[in-house]
Amino acid sequence: MRRKAALHNLGCKVNSYELESMQQMLEKAGYEIVPFEPGADLYLINTCTVTNIADRKSRQMLHKAKKMNPSALVVATGCYAQAKGKELEKDEAIDLVIGNNRKQDLVEILEAEWKRESNTADPEAGTDMLQETVIDISGAREYEELQIDRTEEHTRAFIKVQDGCNQFCSYCIIPYARGRVRSRRSEDVLREVERLAASGCKEVVLTGIHLSSYGVDLEGEENLLSLIRLVHKVEGICRIRLGSLEPRIITEDFVDALVSLPKVCRHFHLSLQSGCDKTLKAMNRRYSADEYRESCRLLRSRMEDPALTTDVITGFPGETEEDFAQSAAFVDEINFFETHIFPYSRREGTKAASAPDQLPEAVKKDRLHVLEKIDSRKRLEYLTRAVGSVQEVLFEEKVKKEGGLYWSGYTMEYRRVFVLSEENLENTIRPVQITGLLGGEGLTGEIPEA
């Protein structure tokens, strides 16, 4: 009888990609993929450790899995598993911990564990494969080759092209959980993009832990721009979207090159973290507010109203009221489409964790609410600017809203658009006349008559 496997993902788009890859590995090995509910033989949780809340959610899901079926095999993988492997191995709710850079061996590790559990006559059976399921990732130099043949979303596929980070921002635990920069070979990326295009996927999102560093570890002249140019040539792919970028990669040459590639979406996530130079320096962010402002200016000077989105941390150690006011004013000035706001999370092992002047949680949350108000206002302003225009929309799914069933999709700038239509629009790109707003969620529109 086929074993039943239930999977759950926490964290970023890189994690989502890796979970899809692991799911497809399990399917090829004969496992039946079932919902994350009672009754599975295997529960695989891909964990996150970017914040204390992520740690807590990871633990909660692991314990929930064991409660759903105490006799099932509960497996922790991902960044929390990598960072806290020794600690999790002592947790009775967790049967197996698989760190980063061992996911590619998932099926073999599981089979060794099943063999060990079933072989009471020889308790050492299968232990060779089980040794060091969490390895020291700091010295890893080879990219762990994971891949997908299809995507559950059908329309858009996230493609991991890079792992690790060399930046060591003072607040961030991720370099310790992911290791140094490791880039995927471009020929492997292209083969995957071609497979996805053949399956009907029209948009790919290039993503990584530090996407801007793609290629720094490869021989020759490979870099993120050269990879984008190669992907741009793949027939069937209509859109290329980029994951989070460092503002320093936005140069005149880089932007001019993107403008010449019509498949590249006018949607750029430039991680900010603070608009105050003093705080940026303490964070080890390696750019100033003025340099960040210039990156945004460059994009807007060469593209028509691109969507700029960002991340901001509130309550970093030592951030005064004046520092925060400066940061908030900067966010207001730049006019982001979306600002993802996080209260500072103290991560053991990082430089900022031992810094003086740690701020109370209440202060962090108060400042978060200030930025949330700016974000809501700016998001509405950006959406409103599209009303009356005609936008190319890639439709994904049908959703129920007040007024009926709408087809939902996204513009090149990632504005969400809702259209009432009896026609099947799934996975098609259509021109849409934007007619209004649907709350703060997106835009309404109509397909012009031919």
In terms of ring plane angle, is the pair [X] and [Y] parallel, tilted or perpendicular, where the classes change at 30° and 60°?
X	Y	answer
Tyr287	Tyr292	tilted
Tyr171	Phe316	perpendicular
Tyr414	His267	parallel
Tyr176	Phe168	perpendicular

Looking at every heavy atom in both [X] and [Y], which two are closest together, and how far apart are they?
X	Y	value
Glu392	Ile429	OE1-CG2, 3.4 Å
Met412	Arg241	O-NH1, 3.0 Å
Pro175	Cys165	CB-O, 3.7 Å
Ser408	Val399	CB-CG2, 4.0 Å
Leu298	Ile250	CD1-O, 3.5 Å
Tyr43	Met68	CE2-CE, 3.5 Å

Side chain to side chain, [X] and [Y], heavy atoms closer than 4.5 Å:
X	Y	result
Leu224	Leu245	yes
Lys378	Phe337	no
Leu26	Leu7	yes
Phe268	Pro247	no
Leu10	Met61	yes
Ile135	Asn101	yes
Asn284	Gln167	no
Tyr214	Val181	no

Inspect the surroundings of [atom1] in [X] and state if more than 12 heavy atoms from other residues, nucleotides or ligands are less than 6.0 Å away.
X	atom1	value
Glu142	CD	no
Lys64	NZ	no
Ile53	CD1	no
Lys263	NZ	yes
Glu446	CD	no
Lys233	NZ	no

* Asked: Looking at Tyr410, does the NZ or CZ of Arg239 lie under 6.0 angstrom from its six-membered ring centre and within 45 degrees of the ring axis?
  ->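 Arg239 over Tyr410 ring: no.
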* To do: Report yes or no: is the cationic atom of Arg430 (NZ for Lys, CZ for Arg) under 6.0 Å from the centre of the six-membered ring of Phe395, at an angle within 45° of the ring normal?
  =>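 Here Arg430 fails the 6.0 Å and 45° test against Phe395.
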* Asked: Could you go step by step and tell me if Val231 and Ile159 meet the side-chain contact (heavy atoms from CB on, under 4.5 Å) rule?
  -> CA-CA 11 Å; Val231 174; Ile159 298 180; over 6 Å; no
When you check the gap from the basic side-chain N to the acidic O, do [X] and [Y] get nearer than 4.0 Å?
X	Y	answer
Arg156	Glu397	no
Arg302	Glu252	yes
Lys84	Glu348	yes
Arg184	Glu145	yes
Arg285	Glu246	yes
Glu194	Arg191	no
Lys278	Glu319	no

Measuring from [X]:[atom1] to [Y]:[atom2], what's the distance to the nearest 0.5 Å?
X	Y	atom1	atom2	answer
Ile434	Thr444	CD1	OG1	7.5 Å
Arg377	Asn335	CZ	CG	8.5 Å
Asn427	Leu394	CG	CG	6.0 Å
Gln23	Leu44	CD	CG	10.0 Å
Ser183	Leu211	OG	CG	9.5 Å
Ile374	Ile334	CD1	CD1	12.0 Å

Compute whether any side-chain donor of one residue and acceptor of the other, for [X] and [Y], lie under 3.5 angstrom apart.
X	Y	value
Ser345	Asn52	yes
Ser138	Asp136	yes
Ser58	Asp55	no
Asp277	Ser288	no

* **Verdict with supporting geometry, Asn46 and Lys103, side-chain contact (heavy atoms from CB on, under 4.5 Å)** => CA-CA 10 Å; Asn46 200 24; Lys103 298 186 185 82; 3.6 Å; yes
* Asked: Given the rule in the salt bridge (charged side-chain N to carboxylate O under 4.0 Å, His left out) test, do Arg102 and Glu144 qualify, once you have shown the distances and angles that lead to the verdict?
  -> CA-CA 8 Å; Arg102 288 302 309 272; Glu144 181 186 34; over 6 Å; no
Please identify each residue that fulfils side chain to side chain donor-acceptor pair (under 3.5 Å) with [X], with sequence neighbours left out.
X	value
Arg229	none
Asp290	Arg293
Glu221	none

* Checking salt bridge (Lys or Arg N to Asp or Glu O under 4.0 Å) against Asp305, which of Arg266, Arg300, Arg415 comes through? ->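 Of Arg266, Arg300, Arg415, salt bridge (Lys or Arg N to Asp or Glu O under 4.0 Å) with Asp305 is met by Arg415 alone.
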* **Audit row: Glu322, Thr320, side chain to side chain donor-acceptor pair (under 3.5 Å) steps and yes/no** => CA-CA 5 Å; Glu322 183 181 351; Thr320 65; 5.2 Å; no
* Asked: Hey, is the main chain of Ile148 close enough, under 3.5 Å, to the side chain of Glu192 for a donor-acceptor pair?
  ->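 Between the backbone of Ile148 and the side chain of Glu192 there is a qualifying donor-acceptor contact (under 3.5 Å).
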* Let me see the working for Asp91 and Leu62 under side-chain contact (heavy atoms from CB on, under 4.5 Å), right down to the final yes or no. => CA-CA 10 Å; Asp91 191 324; Leu62 289 161; over 6 Å; no
* From Asn166, Ile137, Asp163, residue fulfilling side-chain contact (heavy atoms from CB on, under 4.5 Å) relative to Arg180 ->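 Testing Arg180 for a side-chain contact (heavy atoms from CB on, under 4.5 Å) against Asn166, Ile137, Asp163 leaves exactly one candidate, Asn166.
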* To do: For the pair Arg178 and Cys79, evaluate side-chain contact (heavy atoms from CB on, under 4.5 Å) and give the outcome as yes or no after the intermediate values.
  => CA-CA 7 Å; Arg178 285 282 179 173; Cys79 290; 3.2 Å; yes
